[in-house]
There are 2 protein chains.
Amino acid sequence: MGSSTAVSHRTQAQRFAAFKDALRERSLKSTSQRDDIARVFFANDQHISVEELYREVKRVNPRVGYATVYRTVRLLRECGLAAERHFHDGEARFENVEEEHHHDHLICERCGRIVEFANDAIERLQEQIAARLGFVITRHKMELYGLCAECRSGRTPHAAAKRESRVSRT
Amino acid sequence: MGSSTAVSHRTQAQRFAAFKDALRERSLKSTSQRDDIARVFFANDQHISVEELYREVKRVNPRVGYATVYRTVRLLRECGLAAERHFHDGEARFENVEEEHHHDHLICERCGRIVEFANDAIERLQEQIAARLGFVITRHKMELYGLCAECRSGRTPHAAAKRESRVSRT
DNA sequence: ACTGGATTGAAAGTGATTCTCATTTTCGTG
DNA sequence: CACGAAAATGAGAATCACTTTCAATCCAGT
Ligand SMILES: [Mn+2]
Ligand SMILES: [Mn+2]
Ligand SMILES: [Zn+2]
Ligand SMILES: [Zn+2]
């Protein structure tokens, strides 16, 4: 098994403070909706869809509207606090961003499990290829789809998608 | 510059014949719509959207409907003759498939140019990472987004997306 | 040619996301 | 604290890519 480095991240409170700062910097207003949505988002360590986030937020504050959740995740993205991912289930998913902690994804097509990994050798090769073809890369997406060990072993007919949250450095 | 290997592909006629064979194998019917759509698709060497394909086909045969283009492109995919790509402009794009000629993409975010490349070292690393995490990969997607040389040089304000069709092996 | 099942196209339906706009809220200023 | 302009909200309409529906049409095996 790869060495699972439990990287030390900012706390939820720190992220929330960063969000409030970002609002102030941009002269945007603090609202209870934004606060509630951001708090729920920062408390989540998975790849959450807007629908899921909406439902979670509703439990804390049933007054928030769908549109506001969409607007707030976009805002979080623009503030560099959220990353938008598009796996293959049709809906966008968002995850907390730790700068300097880029990672890619391995996705089980059967159970939906998502494993995160980071590999410097690949990142370097990507830069080389781009340079050779005259490009400067601003971002990239790499997703590996397949079957996890558990699913291949025949067990867990339709195991609920349990997501790993540790990034394996390889 | 990477060695641009102009890989010898099947001709349009060969692809068309393969399509007809695939129809027969599956006991599907040959129709003028399917033929026209397939012919236009095989004549195209870019990453074409359904909308674009629809417009091209309309010029050959104005009687084809939108739904049939969608259905036929799905059929081509199922026959292994087309690959579906999702870059970041919201619509699916399809390209001709040459088996044993997997490649990935480098996309200019300014002019839309798409450069294809294949890199065995990366492919091997992907397998290694997956194996280490217990996965068996069935497919993957790797897209590098950035700026091409021309766009960085300031020229070509909004150059029409001219696509390269040679896969650079690196 | 006959005929049953496959195919087609126009239009309606979907699902995710964005927009509209009337109403409410925030926050700097007096 | 009270104002008021500007920003934010939310319900629902709109959009966009894509799929489904279904009556009419076409294909292919006999
Ligand atoms: Mn992730
Ligand atoms: Mn390609
Ligand atoms: Zn699995
Ligand atoms: Zn460019």
Side-chain angles (χ1 to χ4, degrees), chain A residues 19-41 47-79 82-95, chain B residues 19-41 47-79 82-95:
Chain A
F19 177 58
K20 299 293 258 186
D21 288 349
L23 289 180
R24 223 166 290 122
E25 276 168 35
R26 287 149 208 254
S27 322
L28 297 177
K29 294 179 176 171
S30 266
T31 66
S32 66
Q33 289 88 331
R34 283 179 173 164
D35 286 1
D36 291 337
I37 295 166
R39 250 189 289 265
V40 171
F41 176 72
H47 303 84
I48 194 171
S49 70
V50 177
E51 171 73 32
E52 288 161 356
L53 182 54
Y54 173 71
R55 279 204 300 273
E56 295 281 312
V57 171
K58 273 275 177 182
R59 306 200 321 200
V60 170
N61 177 353
R63 314 176 51 74
V64 301
Y66 221 91
T68 301
V69 178
Y70 268 100
R71 291 190 274 239
T72 304
V73 291
R74 182 202 292 152
L75 180 56
L76 287 163
R77 169 160 52 66
E78 287 164 4
C79 294
E84 185 171 351
R85 308 286 188 180
H86 290 91
F87 303 138
H88 278 169
D89 55 355
E91 56 193 340
R93 293 179 173 277
F94 293 82
E95 66 177 321
Chain B
F19 176 57
K20 299 293 258 187
D21 288 348
L23 288 180
R24 222 165 293 121
E25 275 169 34
R26 288 150 207 256
S27 326
L28 297 177
K29 295 180 176 172
S30 267
T31 66
S32 65
Q33 290 90 328
R34 283 179 173 165
D35 286 1
D36 292 335
I37 295 165
R39 250 190 289 266
V40 171
F41 176 72
H47 303 82
I48 195 171
S49 70
V50 176
E51 170 73 34
E52 288 162 357
L53 182 56
Y54 173 70
R55 279 204 302 272
E56 295 279 312
V57 172
K58 273 273 175 183
R59 305 201 322 203
V60 171
N61 177 355
R63 315 175 50 73
V64 300
Y66 221 89
T68 302
V69 178
Y70 268 99
R71 290 191 273 238
T72 303
V73 110
R74 180 201 294 151
L75 180 56
L76 287 163
R77 170 160 53 67
E78 287 164 3
C79 295
E84 184 172 351
R85 308 286 187 178
H86 290 90
F87 302 138
H88 277 169
D89 57 354
E91 54 192 341
R93 292 179 172 278
F94 292 82
E95 65 178 321

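Throughout, a chain's letter reflects where its sequence line sits, starting with A, and its residues are numbered from 1.
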J.: OP1, OP2 of C:dT7 versus side-chain N and O of B:Gln33: anything below 4.0 Å?
T.: no
J.: Look at A:Tyr70 and C:dT18 and indicate whether a side-chain polar atom (N or O) is within less than 4.0 Å of OP1 or OP2.
T.: no
J.: For B:Arg26 and C:dT7, what is the distance between atoms CZ and P respectively, to the nearest whole Å?
T.: 12 Å
J.: Can you tell me how far P of C:dA12 sits from OH of B:Tyr66, to the nearest Å?
T.: 17 Å
J.: Kindly indicate whether the side chain of B:Arg34, heavy atoms from C-beta on, has any atom under 4.5 Å from the side chain of B:Phe19.
T.: yes
J.: Can you work out whether B:Val69 or A:His86 has the more 5'-proximal nearest nucleotide on DNA chain C?
T.: B:Val69
J.: Among the nucleotides C:dT17, D:dT20, C:dC19, which one has an atom lying closest to any side-chain atom of A:Glu91?
T.: C:dT17
J.: Specify the residue among B:Arg71 and B:Leu28 whose closest nucleotide of DNA chain D lies further upstream toward the 5′ end.
T.: B:Arg71
J.: Are A:Thr31 and C:dT25 close enough that a side-chain N or O sits under 4.0 Å from OP1 or OP2?
T.: no
J.: For A:Arg85 and C:dT17, give me the distance from atom CZ to atom P, rounded to whole Å.
T.: 16 Å
J.: Could you check whether A:Ser32 gets within reach of a base, just the sugar-phosphate, or nothing at all, counting any heavy atom under 4.0 Å?
T.: nothing
J.: If I take atom CG in residue B:Leu75 and atom P in nucleotide D:dC18, what distance separates them, rounded to the nearest angstrom?
T.: 17 Å
J.: How long is the line joining CD of A:Glu52 and P of C:dT17, in whole Å?
T.: 11 Å
J.: Starting from the C-alpha separation in whole Å, work towards a yes-or-no answer on side chain to side chain contact (heavy atoms under 4.5 Å, CB included) for A:Phe94 and A:Leu53.
T.: CA-CA 9 Å; A:Phe94 293 82; A:Leu53 182 54; over 6 Å; no
J.: Let me know the distance between NZ of A:Lys58 and P of D:dT9, rounded to the nearest Å.
T.: 14 Å
J.: Give B:Ser30 one of three labels, base, sugar-phosphate or nothing, depending on what nucleic acid heavy atoms sit under 4.0 Å from its own.
T.: sugar-phosphate
J.: How close or far is atom C1' of C:dC27 from atom CG of A:Leu23, stated in whole angstroms?
T.: 14 Å
J.: Tell me: CZ of B:Arg63 to P of C:dA10, nearest whole Å?
T.: 9 Å
J.: With side chain to side chain contact (heavy atoms under 4.5 Å, CB included) as the test, would you mind laying out the steps for A:Thr72 and A:Val57 before giving the verdict?
T.: CA-CA 12 Å; A:Thr72 304; A:Val57 171; over 6 Å; no
J.: Under 6.0 Å between ring centres, would you say that holds for B:His47 and B:Phe87?
T.: yes
J.: Taking A:Arg93 first and then A:Glu52, would you say they form a salt bridge - that is, a charged N and a carboxylate O separated by under 4.0 Å?
T.: yes
J.: Side chain of B:Ala92: nearest nucleotide among D:dG12, D:dT20, D:dC18?
T.: D:dC18
J.: Base, sugar-phosphate, or nothing for B:Arg34, non-hydrogen atoms under 4.0 angstrom?
T.: sugar-phosphate
J.: Which nucleotide sits closest to the side chain of A:Lys29: D:dA7, C:dG9, D:dG10?
T.: D:dA7
